[in-house]
Visitor: 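Shown below is the structure under consideration.
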Amino acid sequence: QVQLVESGGGLVQAGGSLRLSCAASGGTFSSYAMGWFRQAPGKEREFVSFINVIGSIRYYGDSVKGRFTISRDNAKNTVYLQMNSLKPEDTAVYYCAARSAVRSTYRSTLGYDYWGQGTQVTVSS
């Protein structure tokens, strides 16, 4: 069983920055590909970013590309999401997810085995 705990969310003004962290325990972090998703009230959970096991492949959703950066530190069992130039539409609960095997797509929530509890990000106008 793998546990994921997100942190770093909060309230920030438009144009500001936040860095989210996701700490993993109970498994071998270096064997998991990782993703970030977000969900606003009344909306579907949206793909934000993906990073492979060694960090050589990174993908981003169209709405965040150029503003967000995903990274990982396998020695610390942690994945990060650096969020710059934040917009009010970025307001959501952000979730960290992990998968232990190759999947056909990285954009679907169904491709992941474990999820964190989420951390709230609120961007004010």
Side-chain angles (χ1 to χ4, degrees):
Q1 185 68 40
V2 176
Q3 292 81 47
L4 303 173
V5 180
E6 302 96 334
S7 62
L11 176 64
V12 64
Q13 293 184 342
S17 298
L18 286 173
R19 189 175 80 156
L20 305 183
S21 298
C22 174
S25 62
T28 304
F29 179 76
S30 60
S31 68
Y32 292 93
M34 304 294 295
W36 285 98
F37 289 76
R38 66 187 184 185
Q39 188 167 21
K43 296 184 179 180
E44 296 292 319
R45 193 163 295 190
E46 176 190 16
F47 170 74
V48 174
S49 189
F50 167 87
I51 189 167
N52 70 338
V53 168
I54 64 173
S56 59
I57 300 174
R58 295 179 288 183
Y59 297 123
Y60 300 93
D62 291 341
S63 63
V64 306
K65 190 173 184 178
R67 299 187 297 120
F68 291 9
T69 303
I70 190 171
S71 62
R72 67 188 296 159
D73 187 337
N74 287 348
K76 297 181 178 179
N77 293 341
T78 303
V79 64
Y80 305 95
L81 185 69
Q82 178 67 46
M83 306 185 295
N84 298 327
S85 301
L86 284 163
K87 305 174 181 179
E89 50 262 45
D90 295 319
T91 296
V93 176
Y94 283 71
Y95 296 91
C96 176
R99 68 186 193 185
S100 59
V102 176
R103 308 286 197 238
S104 60
T105 179
Y106 54 84
R107 290 180 173 267
S108 173
T109 60
L110 299 177
Y112 295 83
D113 302 302
Y114 306 101
W115 293 85
Q117 83 289 345
T119 185
Q120 177 70 47
V121 172
T122 302
V123 184
S124 62
S125 301

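Note that the structure is predicted; figures quoted are calculated from it, not measured.
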Visitor: With a 3.5 Å distance limit and no angle check, can you tell me whether R58 reaches the backbone of I70 through a side-chain donor-acceptor pair?
Guide: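 Pair found, side chain donor or acceptor close to backbone of I70.
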
Visitor: Report yes or no: do Y112 and W36 belong to one cluster of Ile/Leu/Val/Met/Phe/Trp/Tyr joined by side chain heavy-atom distances under 4.5 Å?
Guide: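 No, because Y112 and W36 fall into different hydrophobic clusters, even though each may have its own neighbours under 4.5 Å.
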
Visitor: Are Y32 and L20 co-members of a hydrophobic cluster defined by side-chain heavy atoms under 4.5 Å apart?
Guide: yes

Visitor: Please name the pair of heavy atoms, one in A14 and one in P88, separated by the smallest distance, quoted to 0.1 Å.
Guide: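 Looking at all heavy atoms of both residues, the closest pair is CB-CD, 4.1 Å.
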
Visitor: For a quick test of reading the model, state the closest non-hydrogen atom pair linking C96 to M34 and the distance between them.
Guide: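 Heavy atoms only, the tightest pair is SG-CE, 3.4 Å.
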
Visitor: Taking atom types as modelled and ignoring hydrogens, do the side chains of Y94 and R38 form a donor-acceptor contact shorter than 3.5 angstrom?
Guide: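 Yes, a side-chain donor-acceptor pair sits under 3.5 Å.
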
Visitor: Does the S108 side chain pair with the main chain of T105, one donor and one acceptor, at a distance under 3.5 Å?
Guide: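 Side chain of S108 to backbone of T105: no pair is present.
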
Visitor: How far apart are the C-alpha atoms of Y60 and T69, what are their side-chain angles, what is the distance that settles it, and do they pass the side-chain contact (heavy atoms from CB on, under 4.5 Å) test?
Guide: CA-CA 8 Å; Y60 300 93; T69 303; 3.8 Å; yes

Visitor: Report yes if the side chains of M83 and D90 come closer than 4.5 Å at any heavy-atom pair, otherwise no.
Guide: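 No, too far: nothing below the 4.5 Å cut-off.
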
Visitor: To the nearest 0.5 Å, what is the distance between SG (C22) and CD (E6)?
Guide: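 The distance works out to 5.5 Å.
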
Visitor: So do the side chains of S63 and E46 get within less than 4.5 Å of each other, counting heavy atoms only?
Guide: yes

Visitor: Does R72 make a cation-pi contact with F29, if we ask for NZ or CZ under 6.0 Å from the ring centre and within 45° of the axis?
Guide: yes

Visitor: Walk me through it: do T91 and Q120 pass the test side-chain contact (heavy atoms from CB on, under 4.5 Å)?
Guide: CA-CA 8 Å; T91 296; Q120 177 70 47; 4.0 Å; yes

Visitor: For residues Y106 and N52, determine if any side-chain heavy atom of one lies less than 4.5 Å from a side-chain heavy atom of the other.
Guide: no

Visitor: Between R99 and G35 (side chain of the first, backbone of the second, donor and acceptor by atom type, cut-off under 3.5 Å), is there such a pair?
Guide: no

Visitor: Just by modelled atom types, is the V5 backbone N or O under 3.5 Å from a matching donor or acceptor in the Q117 side chain?
Guide: no

Visitor: Hydrophobic cluster membership, with links at side-chain heavy-atom distances under 4.5 Å among I/L/V/M/F/W/Y: are V79 and V93 in one?
Guide: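 No, because V79 and V93 fall into different hydrophobic clusters, even though each may have its own neighbours under 4.5 Å.
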
Visitor: Side-chain heavy atoms nearer than 4.5 Å, only ILVMFWY residues, links allowed to pass through others: does that put Y114 and Y80 together?
Guide: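 They do not share one cluster, since no chain of ILVMFWY contacts under 4.5 Å joins Y114 to Y80.
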
Visitor: Would you kindly confirm whether V53 and L4 end up in one hydrophobic cluster when ILVMFWY residues are joined by side chain heavy atoms under 4.5 Å apart?
Guide: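 Cluster IDs for V53 and L4 differ.
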
Visitor: Any non-hydrogen side-chain atom of D113 less than 4.5 Å from a side-chain atom of V2?
Guide: no

Visitor: Quick one, L86 with F68, criterion side-chain contact (heavy atoms from CB on, under 4.5 Å). Give me CA distance, side-chain angles, the key distance, then yes/no.
Guide: CA-CA 9 Å; L86 284 163; F68 291 9; 3.9 Å; yes

Visitor: Hey, does the side chain of R67 reach the backbone of S85 with a donor-acceptor pair shorter than 3.5 angstrom?
Guide: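 Looks like yes, one N/O pair under 3.5 Å.
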
Visitor: How are the rings of Y59 and F50 set to each other: parallel, tilted or perpendicular (split at 30° and 60°)?
Guide: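 Because their plane-to-plane angle is under 30°, the rings of Y59 and F50 count as parallel.
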
Visitor: Considering non-hydrogen atoms only, spot the tightest contact between S49 and L81 and give its length.
Guide: CB-CD1, 4.2 Å

Visitor: List the atom of S124, the atom of L11, and the distance in Å for their closest heavy-atom pair.
Guide: CB-CD1, 4.4 Å

Visitor: Any heavy-atom pair between the side chains of Q39 and F37 that's under 4.5 Å?
Guide: no

Visitor: Heavy-atom count around E44 CD within 6.0 Å, excluding the residue itself: above 12?
Guide: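 It does not: E44 CD has 12 such atoms or fewer within range.
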
Visitor: For T78 versus A23, what's the shortest heavy-atom pair and its separation?
Guide: OG1-CA, 4.2 Å

Visitor: Could you tell me whether a side-chain N or O of N77 sits under 3.5 Å from a main-chain N or O of G27, the two making a donor and an acceptor?
Guide: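 Not a single qualifying donor-acceptor pair exists.
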
Visitor: The test is side-chain contact (heavy atoms from CB on, under 4.5 Å); show your working for W115 and R45 and say whether it passes.
Guide: CA-CA 12 Å; W115 293 85; R45 193 163 295 190; 3.5 Å; yes

